[in-house]
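These numbers come from a predicted model, not from an experiment. In what follows, every chain begins at residue 1, and chains take the letters A, B, ... in the order their sequences are listed.
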There are 4 protein chains.
Amino acid sequence: MGSMENNHKILAKENEAFATAARVKYYDIVINSGRGAILTDVDGNQYIDLLASASSTNTGHCHPKVVKAIQDQAAQIIQYTPAYFANSQAARLAPRLAELAPISGPTEVVWGNSGSDANDAIIKFARAYTGRQYIVSFTGAYHGSTYGSMTLSSVSLNMARKMGPLLPGVVKVPFPDPWDKLPDESEEQFVDRYFKMFKLPFKTYLPVDEVAAILIEPIQGDGGIVKTPPEFMEKIYQFAKENGILFAVDEVNQGMGRTGKWWSIQHFGIEPDLMSVGKSLASGMPLSAVVGRKEIIESLGAPANVYTTAGNPVTTAAANATLDVIQDEHLLERSTKLGEKAKQFFEDEQKKYDFIGDVRMYGLDGGINIVNPQTGKGDTAATTRIMYRVFELGAIIISLRGNILRFQPPLVITEEELDRAFEMLDQAFAEEAAGKLSLPDNAEELGW
Amino acid sequence: MGSMENNHKILAKENEAFATAARVKYYDIVINSGRGAILTDVDGNQYIDLLASASSTNTGHCHPKVVKAIQDQAAQIIQYTPAYFANSQAARLAPRLAELAPISGPTEVVWGNSGSDANDAIIKFARAYTGRQYIVSFTGAYHGSTYGSMTLSSVSLNMARKMGPLLPGVVKVPFPDPWDKLPDESEEQFVDRYFKMFKLPFKTYLPVDEVAAILIEPIQGDGGIVKTPPEFMEKIYQFAKENGILFAVDEVNQGMGRTGKWWSIQHFGIEPDLMSVGKSLASGMPLSAVVGRKEIIESLGAPANVYTTAGNPVTTAAANATLDVIQDEHLLERSTKLGEKAKQFFEDEQKKYDFIGDVRMYGLDGGINIVNPQTGKGDTAATTRIMYRVFELGAIIISLRGNILRFQPPLVITEEELDRAFEMLDQAFAEEAAGKLSLPDNAEELGW
Amino acid sequence: MGSMENNHKILAKENEAFATAARVKYYDIVINSGRGAILTDVDGNQYIDLLASASSTNTGHCHPKVVKAIQDQAAQIIQYTPAYFANSQAARLAPRLAELAPISGPTEVVWGNSGSDANDAIIKFARAYTGRQYIVSFTGAYHGSTYGSMTLSSVSLNMARKMGPLLPGVVKVPFPDPWDKLPDESEEQFVDRYFKMFKLPFKTYLPVDEVAAILIEPIQGDGGIVKTPPEFMEKIYQFAKENGILFAVDEVNQGMGRTGKWWSIQHFGIEPDLMSVGKSLASGMPLSAVVGRKEIIESLGAPANVYTTAGNPVTTAAANATLDVIQDEHLLERSTKLGEKAKQFFEDEQKKYDFIGDVRMYGLDGGINIVNPQTGKGDTAATTRIMYRVFELGAIIISLRGNILRFQPPLVITEEELDRAFEMLDQAFAEEAAGKLSLPDNAEELGW
Amino acid sequence: MGSMENNHKILAKENEAFATAARVKYYDIVINSGRGAILTDVDGNQYIDLLASASSTNTGHCHPKVVKAIQDQAAQIIQYTPAYFANSQAARLAPRLAELAPISGPTEVVWGNSGSDANDAIIKFARAYTGRQYIVSFTGAYHGSTYGSMTLSSVSLNMARKMGPLLPGVVKVPFPDPWDKLPDESEEQFVDRYFKMFKLPFKTYLPVDEVAAILIEPIQGDGGIVKTPPEFMEKIYQFAKENGILFAVDEVNQGMGRTGKWWSIQHFGIEPDLMSVGKSLASGMPLSAVVGRKEIIESLGAPANVYTTAGNPVTTAAANATLDVIQDEHLLERSTKLGEKAKQFFEDEQKKYDFIGDVRMYGLDGGINIVNPQTGKGDTAATTRIMYRVFELGAIIISLRGNILRFQPPLVITEEELDRAFEMLDQAFAEEAAGKLSLPDNAEELGW
Ligand SMILES: Cc1ncc(COP(=O)(O)O)c(C=O)c1O
Ligand SMILES: Cc1ncc(COP(=O)(O)O)c(C=O)c1O
Ligand SMILES: Cc1ncc(COP(=O)(O)O)c(C=O)c1O
Ligand SMILES: Cc1ncc(COP(=O)(O)O)c(C=O)c1O
């Protein structure tokens with residue numbers, strides 16, 4: 001690692017005026033530029049990006065087509081609020097996105113600026129359409145930071161602490177985390193046990209006919225890159241359908257090709273009623289959307305869901321370009337193919353290192369548990385040591401829930417870059433195994 | 001007005017996939033490009049923009065410096081989530097904005113993507129810092145569309161309908177609208193009467209020591225461009241200070257030079273504890289901020305208020321450029337000066353036309369009531385006829401609350417453009433007076 | 001006043017084990033026995049009761065018929081929970097009460113143990129029947145102490161303090177207190193002004209089609225014995241009817257003959273949809289009821305509103321006897337007649353003493369404001385001096401809202417007792433006028 | 001069974017005016033009188049009471065001492081509201097009850113009229129004392145029917161349906177029902193599994209330092225007479241203590257000697273911070289109390305928890321007599337002894353009949369599961385057949401949760417009566433085994 005002087009200087013300055021609440025700490029760098037999967041900080045240090053800006057830059061940094069779209073649009077018109085008037089880019093994007101959505105039948109779109117506000121919108125539309133007030137979401141879920149989506153979330157206590165009372169009507173049910181399988185429990189028993197827990201509220205205090213929607217990340221992102229067991233998904237989907245409950249999916253993190261399909265729900269053969277999209281939708285420009293069955297979206301009148309800048313010409317231009325790139329460059333296939341390679345890598349490592357626990361990989365999208373080999377429980381210190389070492393070696397990887405490595409490189413990462421990243425990971429694992437790694441001084445502050 | 005063919009074609013297409021909830025209807029146009037105060041639609045028709053995209057493009061459309069900032073930044077790096085790592089542009093903007101804020105003492109900033117989420121954040125920080133749960137806001141206020149800010153709002157019933165239960169802990173008090181002054185009531189009596197209404201909850205059901213914050217638009221925007229009576233403001237401010245209540249201002253609509261000062265609260269000589277900013281902050285790119293006293297902002301830990309794209313390099317680059325433009329081109333002074341000219345114009349018209357009621361102008365920022373001369377009450381039909389006629393003549397002006405013309409041109413509008421707009425307005429007023437105007441067919445659907 | 005030794009001894013003992021939250025302090029006495037309007041404390045001191053145990057003993061203390069009913073029933077069966085099985089007394093009372101209610105058409109009853117839980121039940125039935133969630137109540141209202149009714153109330157801040165978040169969906173509107181009439185304001189202007197305030201929420205943030213019920217005390221009790229201006233009542237009633245909102249009245253304090261009619265709403269010629277009854281219903285035995293239109297009450301299934309002891313044989317026996325007494329002894333007429341006498345007395349005093357402000361009397365049911373003659377504002381110290389002096393002279397009278405004397409003797413009070421009470425009051429007023437009265441030591445703690 | 005004519009006539013009459021919501025249907029009888037454990041209906045039919053009016057008449061029907069206490073007190077004074085003045089009976093009861101409570105150190109009492117309002121009060125005091133807003137309660141719990149206690153409950157969906165939004169801040173966790181033990185799961189594993197579920201909210205969305213109280217029925221009543229596994233209780237108690245969370249117990253159903261101890265929590269050797277009492281406290285007269293550590297109860301000021309009739313002289317006289325009876329007649333020991341006898345009986349039956357599942361007996365307090373012998377799952381139809389047959393034979397027994405027989409006779413039941421009841425039960429079991437029983441026509445409507 002080269003000099004960090006500028007990084008530290010700028011951070012010190014920013015720090016005087018910047019909220020602690022707004023940054024999960026990992027490494028003290030200031031990002032200055034990017035190309036594809038390569039980032040450069042303000043001291044000129046380069047890093048392989050294994051995080052893709054939290055899955056918001058699936059097309060890679062500064063993809064020429066996206067850059068051009070933004071530049072051209074900025075020169076033509078930057079903003080006119082779609083809350084009052086249409087603009088050419090958004091008008092083009094809406095039907096395109098509706099078309100891409102895994103929803104048959106008439107489909108509509110509503111814009112937002114963030115995954116968070118899209119999930120707030122899901123609450124609104126689900127309540128309006130059904131005339132019911134409860135929403136069911138899952139432990140481990142991250143749905144965002146506005147009051148609605150924050151209430152839906154349950155992956156970090158700091159997302160609730162001191163900020164209540166939160167939105168009424170949200171009920172949390174346990175997500176079937178694979179590491180919570182009981183010893184000797186079969187997949188079927190595991191699914192049955194969690195489905196029973198899922199039904200418990202409905203049997204005791206939650207009238208099923210007052211539930212507007214079940215909202216789920218088909219593959220949890222910040223919860224640790226964890227796929228919902230398909231049989232469990234099927235059961236809750238059937239439950240929803242039998243009870244007039246809308247089935248809503250959050251594709252903010254896992255959509256847009258991340259998992260090798262456009263939408264992670266497509267791994268399940270299930271058609272949702274409502275879907276939230278964001279992050280990579282506009283390659284990291286602030287744009288989100290709710291896509292849903294037309295009759296649901298039409299259940300509210302204006303201005304039930306308007307934002308001054310949502311569907312802004314520049315962000316929708318970026319989104320139009322992003323869709324082009326994903327299609328033209330076959331990024332879904334690429335995600336699948338490179339994901340298999342990554343899976344192979346991590347499974348090989350798992351055989352070598354007993355502290356590598358569960359390995360999950362769905363396209364270029366993985367969660368790798370780091371555990372204490374004795375107890376099988378998550379090992380936060382080891383995780384921190386490893387990720388920090390990888391950072392020193394020149395790649396950006398972060399942890400989730402303390403002991404899960406989050407592996408989400410841009411889908412355009414080259415094989416060569418990937419190989420280099422694997423080398424760094426392997427080296428870090430080897431050093432960890434050899435007891436050579438130590439914790440950074442501020443380890444306590446780091447991570448979720 | 002020229003051909004509308006492309007406009008209609010594109011709208012028809014968009015309409016199939018776009019939510020009714022997300023657009024307040026006015027005119028059937030698709031914005032294609034813009035320069036300064038001039039907009040062009042997809043049929044090549046031009047309009048003078050008297051709305052500045054809902055006060056989100058104070059620097060005018062495609063200001064060269066803003067365009068360049070966006071283009072350059074897009075080429076360098078489009079996005080890295082400030083939720084994890086700093087970027088050069090945001091790191092520069094944070095202290096700049098803290099510096100500009102009307103808050104003495106250590107000040108911090110937290111990013112959002114919209115005015116809406118900034119107001120959600122105000123609820124969070126106010127609750128966290130005070131350990132109290134209630135927030136007081138005003139009737140007529142627009143604070144946004146996420147669950148927190150929607151709950152704070154009270155200017156349109158469609159912002160609450162079918163979407164409840166809303167966020168607990170928000171109490172609404174009546175805003176002193178000038179048109180609600182009683183006959184023969186002095187300003188002092190008026191203020192006393194409203195201050196008494198303000199205090200009523202505190203005397204009967206709202207324990208003052210459980211109120212975290214009072215949130216106010218010092219000049220209401222969507223409520224009709226209405227300045228809080230200064231004596232009223234002073235009273236509620238004192239009330240807040242005496243009772244340990246934070247005083248928070250929403251500058252999303254009226255800040256960024258709109259009223260001839262950076263922040264509308266500066267018309268009152270009051271220093272807020274918390275302030276939300278958005279819209280023109282990044283010239284209409286999605287960026288918002290809460291700026292507040294450091295100790296308040298530091299009352300929450302991460303990730304209490306994070307958004308993947310909030311403080312994105314491109315949007316903060318646009319904001320840095322926007323601040324430059326406002327400063328370099330003296331837009332505050334310009335707003336003041338042109339505002340006086342506009343005030344003169346509308347007051348002259350008021351003398352000519354008895355259907356022009358209350359005229360309010362604070363910099364290039366005005367609300368003009370259209371009333372029934374007989375009853376003095378708002379006349380929605382007349383308002384619609386006039387605004388629609390102005391549109392036909394070539395300027396974009398919209399109504400608020402049914403009977404208020406909203407006058408908010410870009411601050412860079414030229415005097416010549418302004419004069420042309422005045423001519424159009426005068427012509428429409430004259431035609432209205434002459435009974436020559438008729439309602440558009442879809443009048444029922446139009447407006448707030 | 002005789003010895004207070006036993007009173008103080010017992011209170012000291014009770015005090016060690018009894019909650020501060022549960023007693024509004026007035027005088028340090030322990031009630032030991034009662035007959036008609038006469039109370040005796042544990043030291044044998046006697047008092048004329050001008051409070052009727054907060055209007056819960058309209059038939060007077062130990063009315064022989066009520067005593068006998070309780071005694072007989074206790075010997076037969078004390079309790080079998082109506083939540084599972086009917087009992088003879090409750091089965092007789094239900095149709096009787098339904099019959100007495102000011103509701104035409106099929107009417108049903110549901111039992112509770114307190115006025116408080118009856119108002120909780122009103123929320124339940126109103127929501128269930130309408131499918132709407134908001135309830136509108138008035139400032140100054142007292143509806144009870146359970147979470148629902150506490151949320152509906154707004155007459156004392158200690159009824160909200162530290163206990164939130166309260167029940168969502170309750171909106172408070174200002175009650176037209178006569179002392180808040182503006183100088184020179186006509187009754188019509190006053191009513192219009194308050195009706196405008198009433199409508200403000202509906203115009204700005206409260207969708208009228210989501211309001212389940214308006215709940216009002218037709219004559220506010222703890223708010224100061226204040227009758228709703230009839231024109232105001234008519235307006236809000238019409239508003240409710242036009243908008244599918246249920247009209248619910250709380251008759252807990254003012255029903256059961258207190259105002260010279262069975263129900264205070266009968267002074268208005270209005271038929272409510274739902275009504276809560278309690279207090280004197282069973283002559284102060286714990287029994288309450290909601291009486292309502294059958295289709296509303298039938299909108300909920302069991303066990304949506306059950307209480308183990310609600311409709312208990314002893315309490316319903318007491319209620320059956322209470323209805324007999326009121327009917328047989330013509331207590332409605334008596335209330336009217338003695339009320340006129342009381343009105344005359346207080347109006348005469350008002351002429352003599354300038355510190356007697358507004359005098360309100362509706363049957364044997366009055367509120368007498370004590371004011372500072374200079375400012376016209378309420379004078380709490382004077383009120384405390386007077387009520388305390390009356391207590392020393394031998395009558396129990398308390399204050400409301402600091403400066404209102406609450407006059408609610410048992411309806412069976414004899415004329416002679418009333419005359420004696422008037423003498424005491426006159427003496428206290430005279431001494432106050434002569435500046436002879438002083439505050440008790442613990443004046444600060446006393447009263448609401 | 002004799003004639004039912006009067007029963008049906010009176011019920012038909014009552015039915016016209018009585019709410020469906022207020023009665024869980026079992027048998028069409030109207031209770032007319034009672035002595036000890038024997039009830040007589042309006043047709044003169046007699047029944048052995050195995051329900052004790054839902055555990056509200058532990059001292060039996062019309063215990064002479066209780067009857068006398070009520071009669072004497074009614075003759076002296078029926079009611080003076082403790083919200084304003086003390087009365088002799090309540091003043092005597094408060095310290096007595098504080099003394100009896102399983103709380104060392106200074107203890108205070110606050111009155112209510114129902115178990116329901118007592119649990120509302122627990123929410124109030126817990127929030128006020130801790131300054132925290134969340135309350136944790138358990139699935140299967142019944143805490144009452146006012147808005148607070150209804151929100152805390154989760155044993156019947158009709159207690160939530162159509163009545164929301166409920167009180168914010170209540171979080172439900174799964175109660176370890178023995179029938180939900182996994183096959184081959186040890187008690188320790190079972191407890192660990194449920195304790196893990198208990199902790200899940202605290203790890204994902206519920207900040208432990210914002211939880212005011214955990215409220216539990218140490219032995220669930222309406223949930224099926226189920227004792228909390230002691231190791232589980234110990235764990236959640238420790239958890240509470242470590243985290244500054246108040247530990248509150250609901251003794252409304254299981255207190256007052258029902259389980260062989262004064263309070264069911266005494267089976268666990270745990271000292272609660274707050275306790276709600278009701279039902280048998282005044283032998284079924286409407287009286288409840290919260291008993292708690294003085295400093296907690298003193299955290300609220302008046303009138304935070306007042307009710308007009310709570311602590312009424314007659315009900316507190318009945319309570320004083322009830323305490324005397326329990327003490328003088330050694331009802332705790334009696335409950336224990338007869339409970340053992342009952343346990344023996346049901347366990348013997350269990351051996352004879354394979355449809356008798358789990359048998360739980362804690363003093364004269366039992367839950368007997370009726371199951372399908374093939375599947376081991378609850379058999380609602382069989383349960384209904386059995387209980388209905390027992391009713392025909394002359395005893396009142398009801399079901400809980402569809403398939404649990406609730407066994408709670410008055411504690412004064414004679415051994416002879418008990419033996420007769422056992423005969424009836426045995427006969428019904430035998431007939432069920434022989435396939436001789438059929439469902440009553442209205443079986444669908446019956447029960448919880
Ligand atoms: C699954 C999921 N939903 C929603 C969001 C919120 O998106 P945003 O940060 O854009 O508000 C995120 C962000 O991490 C996410 O991962
Ligand atoms: C005063 C005010 N606050 C907040 C907002 C919400 O901002 P946004 O639309 O960016 O969410 C607006 C938007 O009109 C506004 O005028
Ligand atoms: C109008 C009114 N409603 C309801 C109540 C509550 O009745 P309770 O005290 O029986 O709960 C009262 C008690 O004062 C009251 O005056
Ligand atoms: C455990 C428990 N708590 C509270 C209650 C509510 O008591 P009440 O019916 O007196 O309101 C009950 C009533 O069944 C109960 O069983």
Side-chain angles (χ1 to χ4, degrees), chain C residues 10 14 17-19 21-24 30-34 53-54 56 67 70-71 74-81 85-88 91 94-95 98 108-110 113-114 117 120 124 127-128 145-148 158 162-163 165 167-168 279 284 286 297 300-309, chain D residues 10 14 17-19 21-24 30-34 53-54 56 67 70-71 74-81 85-88 91 94-95 98 108-110 113-114 117 120 124 127-128 145-148 158 162-163 165 167-168 279 284 286 297 300-309:
Chain C
I10 295 176
E14 188 197 49
F18 190 58
R23 182 163 303 150
V24 184
V30 182
I31 306 286
N32 198 49
S33 65
S53 183
S56 69
V67 171
I70 292 172
Q71 291 178 332
Q76 193 166 341
I77 188 161
I78 295 172
Q79 146 80 345
Y80 217 91
T81 178
F85 301 113
N87 66 69
S88 325
E108 279 192 355
V109 166
V110 68
N113 296 290
S114 64
D117 65 34
D120 278 44
K124 296 181 189 181
R127 284 182 172 172
S145 200
T146 47
Y147 257 99
N158 267 0
K162 302 194 204 172
M163 300 184 286
L167 192 70
K279 289 194 185 256
I297 301 291
L300 282 170
N305 202 65
V306 299
Y307 295 97
T308 309
T309 60
Chain D
I10 294 177
E14 188 197 48
F18 190 58
R23 182 163 303 151
V24 184
V30 181
I31 306 287
N32 198 49
S33 64
S53 181
S56 70
V67 171
I70 292 173
Q71 291 178 331
Q76 193 167 341
I77 188 159
I78 295 173
Q79 147 77 349
Y80 217 91
T81 177
F85 302 113
N87 67 67
S88 325
E108 279 192 355
V109 167
V110 68
N113 297 291
S114 64
D117 65 34
D120 278 44
K124 296 181 188 181
R127 284 181 172 173
S145 200
T146 47
Y147 258 98
N158 267 359
K162 301 194 205 172
M163 301 184 286
L167 192 70
K279 288 194 186 257
I297 301 291
L300 282 171
N305 202 66
V306 298
Y307 296 96
T308 309
T309 60

What option among P286(D), G34(D), G148(D) has the most heavy-atom pairs under 4.5 Å with chain C?
P286(D)

So, the part of F85(D) with a heavy atom under 4.5 Å from chain C: the answer is both

The criterion is side chain to side chain donor-acceptor pair (under 3.5 Å); which residues satisfy it with E108(C), sequence neighbours excluded?
K294(C)

Scanning both residues in full, the closest heavy-atom pair of R127(C) with M163(D) reads NH1-O, 2.9 Å

Please determine, among A304(C), A21(C), G284(C), A128(C), the option with the most heavy-atom pairs under 4.5 Å with chain D.
A21(C)

In terms of heavy-atom pairs under 4.5 Å with chain C, the winner among N87(D), I70(D), V109(D) is V109(D)

G301(C) and N158(D) have their tightest heavy-atom pair at C-ND2, 3.6 Å

Please rank L167(C), I10(C), I297(C) by heavy-atom pairs under 4.5 Å with chain D and give me the top one.
L167(C)

List the steps, then state whether side-chain contact (heavy atoms from CB on, under 4.5 Å) holds for T81(C) with K279(D).
CA-CA 10 Å; T81(C) 178; K279(D) 288 194 186 257; over 6 Å; no

Side chains of D117(D) and T146(C), donor plus acceptor under 3.5 Å:
no

Can you name the nearest heavy-atom pair linking V306(C) to R23(D), along with the distance?
CG1-N, 4.2 Å

So, Q71(C) side chain and Q71(D) main chain: donor-acceptor pair closer than 3.5 Å or not?
yes

Minimum heavy-atom separation for N113(D) to T309(C), with atom names?
O-OG1, 3.9 Å

Which atoms form the tightest heavy-atom contact between V110(D) and A22(C), and what is the distance?
CG2-CB, 3.6 Å

Can you tell which of A74(D), A94(D), S145(D), A19(D) has the highest number of heavy-atom pairs within less than 4.5 Å of chain C?
S145(D)

Please state whether the side chain, the backbone, both or neither of A98(D) comes within less than 4.5 Å of a heavy atom of chain C.
side chain

Within the structure provided, determine whether P168(C) and P168(D) are in side-chain contact (heavy-atom separation under 4.5 Å).
yes

Residues A54(D) and T308(C): closest non-hydrogen pair is CB-CG2, 4.5 Å

Listed by chain and number, what are the side chain to side chain donor-acceptor pair (under 3.5 Å) partners of S56(D), not counting sequence neighbours?
Q79(C), S53(D)

